[in-house]
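Basis for what follows: all heavy atoms, side chains included, without hydrogens, waters or symmetry-related copies. As the structure is a prediction and not an experimental result, all values here were calculated from the model.
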Amino acid sequence: MRRREFIVGSGTAATAALAGCLGDDVDHRAAFRDDVESSGVTLDALALDSGVVSVEYDSDSVGDDLGAVAVAFADRVGEGWTVEKLDSIAYADRTLTWYAEGAWASAYVSGDIDASEYGRRINETLAPAVVVGDD
């Protein structure tokens, strides 16, 4: 009888813990979207899969918009969002991709690296997107 109570109790605790984690991700995604969009960047897509946040947005000013998205990501990581990476696609004169590692964002918000170093690391990832034709 005690074993059955323990198993049922363990299942309930695991379900509650999982629901809490999923709720945190939803809250962080909503706060991230709000932070980005309050900076004037409208996200066309926002997804989270296996610890990787993916965003797509239209950009009139690649540098400013990249900065707004990267800082919002760092802010969320600093608030406890446990993600590995941010993958971004910016639609500007030409389509560009860039990414930020969660570890870089964490180092930035903790003061281990400054804004210049955080930006340098991200800028090194900036590349033209490879467009696959419909042939």
For Asp87, which residues count as a salt bridge (charged side-chain N to carboxylate O under 4.0 Å, His left out) partner, sequence neighbours excluded?
Lys85

If you round to the nearest 0.5 Å, how far is CG of Leu43 from CZ of Arg29?
12.5 Å

Out of curiosity, Leu46 CG to Phe32 CZ, how far, rounded to the nearest 0.5 Å?
6.5 Å

For Tyr57 and Ser88, work out which heavy atoms get closest and say how close.
CE2-CB, 4.3 Å

Partners passing side-chain contact (heavy atoms from CB on, under 4.5 Å) against Asp34 (at least two apart in sequence or in another chain):
none

Rounded distance (nearest 0.5 Å) linking atom OG1 of Thr125 with atom CH2 of Trp98
7.5 Å

Run the side chain to side chain contact (heavy atoms under 4.5 Å, CB included) check on Thr82 and Val77 step by step: do they pass?
CA-CA 6 Å; Thr82 53; Val77 169; over 6 Å; no

CG of Leu86 to CD of Glu84, rounded to nearest 0.5 Å, is 12.5 Å

Please report the interatomic distance CG(Asp44) to CD1(Ile89), rounded to the nearest 0.5 Å.
10.5 Å

Go through the structure and list residues passing side-chain contact (heavy atoms from CB on, under 4.5 Å) with Val71, not counting sequence neighbours.
Asp75

Please enumerate all residues that pass side-chain contact (heavy atoms from CB on, under 4.5 Å) together with Ile113, with sequence neighbours excluded.
Ala107, Tyr108, Glu117, Tyr118, Arg121

For Asp65, all residues meeting side chain to side chain donor-acceptor pair (under 3.5 Å), sequence neighbours excluded
Ser59

ring-ring contact (aromatic ring centres under 6.0 Å, His included) with Phe73: which residues, sequence neighbours excluded?
none

Could you walk me through whether Leu66 and Leu96 satisfy the side chain to side chain contact (heavy atoms under 4.5 Å, CB included) test, starting with their C-alpha distance in whole Å, then the side-chain angles of each, then the deciding distance to 0.1 Å, before giving a yes or no?
CA-CA 10 Å; Leu66 183 154; Leu96 301 168; over 6 Å; no

Nearest atoms (heavy-atom pairs only) where Ala68 meets Ser39
CB-CB, 3.6 Å

Do Ser116 and Asp114 have a side chain donor and acceptor closer than 3.5 Å?
no

For Val36 against Ala72, the heavy-atom pair lying closest together:
CG2-CB, 3.6 Å

Quick check against the 3.5 Å criterion: does Ser110 have a side-chain atom that pairs as donor or acceptor with the backbone of Ser106?
yes

Are any of the side-chain heavy atoms of Leu126 and Tyr99 separated by less than 4.5 Å?
no

Rounded to the nearest 0.5 Å, what separates atom CD in Glu56 from atom OG1 in Thr97?
11.5 Å

To check you understand the geometry: which heavy-atom pair defines the closest contact between Gly80 and His28, and what is its length?
C-NE2, 3.8 Å

Give the minimum heavy-atom separation between Val109 and Gly78, together with the two atoms involved.
CG2-CA, 3.7 Å

